[in-house]
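The next block holds one structure in the form of structure tokens; read it before the comments.
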Amino acid sequence: MKIFLLEDDASIAMGLEYSLQKEGYETKRCADVKSALKAVDAENFDLYLLDLSLPDGSGYDVCRAVKAKGDLPVIFLTAFDDEVNVVMGFDLGADDYISKPFRINELMARIKSVLRRYHSENYSGIVELHDLKINTNEAKVYKNGKEIVLTAMEYRLLLILLNNRGQILTRNQLLENIWDIDGIFVNDNTLTVYIKRLRDKIEDDSDEPKIIKTVRKMGYILE
């Protein structure tokens, strides 16, 4: 599989290319929007890793060009971790969003998760779960046919659980994935609040959850 990398920081780009190639991926790297748009126009890649802040524009411009070609997977890499940018990225069709600095193992896991979704048979971007319908292509969630408005943090939390469906995730695992998405430190108490808010929106009865279940002394599971 071939991955496109748009990153203007040479040290970060070199480290990422080394790690990706070590995992068996082919890579194509660009350092600015102009060369990236030419590369995107010339060929398709299995996944696109796009930095946002670039010397001649934004990774959003490249994402638009990618999505204009078809439903191709995009992950944003950026230091801009406020909720407005997260939402804009999802609105453009991004599949995930990881803030710098990030753990390389986490990024590799995110890449594999996104690729599994895109290359599974008959993938439509629609996941049905109880009375929920999750459109991962549009980052929208519906309950009984009516759209539920989630914050970027709530959607990210749901997506993490969905990508690990059937697996118990500890609170530490969840915290490692979401602690910096909205630009503030998310502690254990704050995670509890986000879980409750998400349950209030997607569960019939948040006190007796059927979707996001608590596994006593272990964590949470989405069955």
Side-chain angles (χ1 to χ4, degrees), residues 47 73-77 81 83 86-87 89-91 93-99 102-103 105-120 122-223:
L47 185 139
V74 172
I75 297 176
F76 279 123
L77 311 175
D81 50 7
E83 191 165 301
V86 173
V87 172
F90 285 140
D91 285 345
D95 298 271
D96 209 344
Y97 195 107
I98 187 166
S99 300
F102 50 80
R103 298 177 180 85
N105 288 340
E106 179 189 356
L107 176 61
M108 293 303 166
R110 302 271 191 89
I111 289 172
K112 290 174 182 177
S113 176
V114 170
L115 287 173
R116 278 198 303 271
R117 295 206 311 271
Y118 269 83
H119 293 283
S120 62
N122 302 319
Y123 176 70
S124 65
I126 304 294
V127 179
E128 295 189 6
L129 185 70
H130 295 268
D131 56 2
L132 294 181
K133 181 178 289 185
I134 304 159
N135 187 328
T136 59
N137 290 335
E138 299 178 356
K140 292 183 178 181
V141 180
Y142 302 85
K143 183 177 177 65
N144 295 320
K146 183 178 180 181
E147 184 177 356
I148 301 171
V149 179
L150 301 182
T151 66
M153 179 68 83
E154 291 164 352
Y155 180 76
R156 175 68 170 276
L157 184 57
L158 179 60
L159 200 62
I160 292 167
L161 290 162
L162 185 65
N163 288 341
N164 295 277
R165 188 173 178 179
Q167 176 183 338
I168 298 171
L169 294 179
T170 66
R171 294 177 68 84
N172 282 340
Q173 286 175 312
L174 290 173
L175 286 168
E176 286 176 0
N177 278 279
I178 67 172
W179 73 267
D180 61 353
I181 193 171
D182 64 354
I184 61 172
F185 179 76
V186 177
N187 60 26
D188 193 67
N189 290 333
T190 309
L191 176 61
T192 300
V193 172
Y194 282 122
I195 290 284
K196 183 181 185 307
R197 289 176 179 172
L198 180 56
R199 279 174 167 166
D200 286 342
K201 292 181 178 181
I202 68 174
E203 300 278 3
D204 290 331
D205 182 355
S206 59
D207 292 327
E208 296 289 338
K210 302 295 184 183
I211 300 173
I212 301 174
K213 296 185 177 180
T214 300
V215 181
R216 187 174 174 81
K217 295 184 178 180
M218 296 183 70
Y220 301 94
I221 186 169
L222 193 151
E223 296 183 333

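Treat the numbers as computed from the prediction; the structure is a model and nothing was measured. Position 1 is the first residue of the sequence; numbering continues from there.
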Audit row: Leu129, Ile202, side-chain contact (heavy atoms from CB on, under 4.5 Å) steps and yes/no: CA-CA 10 Å; Leu129 185 70; Ile202 68 174; over 6 Å; no
Separation of Leu159 CG from Glu154 CD (nearest 0.5 Å): 13.5 Å
Gap between atom CD1 of Ile148 and atom OH of Tyr142 - 0.5 Å precision: 10.5 Å
Nearest-0.5 Å distance, OH of residue Tyr97 to CG of residue Leu77: 10.0 Å
From Asp200 atom CG to Asp205 atom CG, the distance as rounded to the nearest 0.5 Å: 9.5 Å
Closest non-hydrogen atom pair between Leu47 and Ile75, with its separation: CD1-CD1, 4.2 Å
Option from Leu150, Leu161, Asp96, Thr151 for which side chain to side chain contact (heavy atoms under 4.5 Å, CB included) with Arg156 holds: Asp96
Under the side chain to side chain contact (heavy atoms under 4.5 Å, CB included) test, residues paired with Arg171 that sit two or more places apart: Asp188, Leu191, Thr192, Tyr220
Pair Asp207 + Arg199, salt bridge at N-O below 4.0 Å: no
Backbone of Val149 reached by a side-chain donor or acceptor of Lys201 within 3.5 Å: yes
Heavy-atom closest pair, residues Tyr155 and Ala139: OH-CA, 3.4 Å
Shortest non-hydrogen separation from Lys143 to Leu132 and the atoms involved: CB-CD2, 3.7 Å
Nearest-0.5 Å distance that lies between atom OG1 in Thr170 and atom NZ in Lys217: 16.0 Å
Nearest-0.5 Å distance, CD of residue Glu128 to CD1 of residue Ile134: 9.5 Å
Pairing of Arg110 and Asp95 as salt bridge, 4.0 angstrom limit: no
Glu203 side chain to Lys210 backbone, donor-acceptor under 3.5 Å: yes
Reference residue Leu169; test side chain to side chain contact (heavy atoms under 4.5 Å, CB included); the match among Ile160, Leu222, Ile221: Ile160
